Amino acid sequence: MEKSGKNWVTWANTNAKNSSDISKLVDPFKSNVTAFIKALKEAGASVSVSSTRRSEKRAYLFHWSWKIYLEKAKPEDATKKAGVDIEWNHGDKAKSIAGAKEMVLGFGLAVPPNSKVAPSLTSNHISGKAIDMTITWKGTIEVARKGNPKKVKITYMPNANSNLELHKVGKSYGVIKHTSDRPHWSVTGR
Ligand SMILES: [Zn+2]
């Protein structure tokens with residue numbers, strides 16, 4: 001067991017990395033996203049993928065360091081995670097919080113007021129069923145929907161959350177837009 005602290009950030013950057021590789025997603029979402037991106041590119045859009053699969057171990061470290069640092073949980077409340085031999089409880093409250101704080105800062109986690117919720121343990125990214133991507137183009141393009149020969153005209157909007165026509169096309173492929181998280185698409189929209 002190794003106590004919480006910045007060493008765990010170093011550990012995670014080697015042993016619990018996130019991926020921005022589409023091949024790390026699971027089917028059928030993987031095939032659906034691939035088909036959606038292909039249609040977008042054929043229509044002339046640029047697609048930049050920033051995140052696909054999130055390491056379960058990394059998500060665990062994010063979640064509990066955030067909660068302990070912000071005193072939303074006691075160190076002894078943290079669940080165990082196979083393959084992550086971390087001791088959250090330093091046997092001293094201030095030291096336990098300081099260890100968690102090093103991790104929150106090291107991982108660059110958003111804290112209040114920027115984020116009021118702990119990083120999720122159940123994100124669709126963890127199960128390989130979500131993707132963060134930025135889709136850009138100039139003016140209006142015509143994109144093919146799945147199983148529909150008639151293409152749809154879509155005009156570019158800087159905020160992808162507002163582009164309902166784009167959301168509809170994604171949905172035809174089974175790739176659902178999150179309503180408030182700009183780059184996020186998944187199996188459920190969550
Ligand atoms: Zn996301």
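Order of listing sets the numbers, starting from 1, for every ligand and every atom in it. The structure displayed is predicted, hence computed values, not measured ones.
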Margin query: For Y69, give me all partners under ring-ring contact (aromatic ring centres under 6.0 Å, His included), at least two apart in sequence or on another chain.
Written below: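 Here no residue qualifies.
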
Next item on the list: Could you tell me the angle subtended at the Zn ion (ligand 1) by ND1 of H184 and OD1 of D132, rounded to 10°?
Entry: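 That angle is 110°.
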
Notebook entry, point to check: Between the Zn ion (ligand 1) and D181, is there an N, O or S atom separated by less than 2.8 Å?
Noted result: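 Here the distance criterion (N, O or S atom, under 2.8 Å) is not met by D181, so no.
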
Item checked: Metal site the Zn ion (ligand 1): N/O/S of H178 inside 2.8 Å ->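 Checking H178: none of its N, O or S atoms is under 2.8 Å.
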
Note to self: Could you walk me through whether H184 and N161 satisfy the side chain to side chain contact (heavy atoms under 4.5 Å, CB included) test, starting with their C-alpha distance in whole Å, then the side-chain angles of each, then the deciding distance to 0.1 Å, before giving a yes or no?
What the structure shows: CA-CA 9 Å; H184 187 93; N161 290 340; over 6 Å; no

Item checked: Derivation and outcome, side chain to side chain contact (heavy atoms under 4.5 Å, CB included), residues F36 and L40 -> CA-CA 6 Å; F36 180 37; L40 289 165; 3.8 Å; yes

Checklist line | pair L25-K129: side-chain heavy atoms closer than 4.5 Å | finding: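 They are not in contact (no side-chain heavy atoms under 4.5 Å apart), so the answer is no.
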
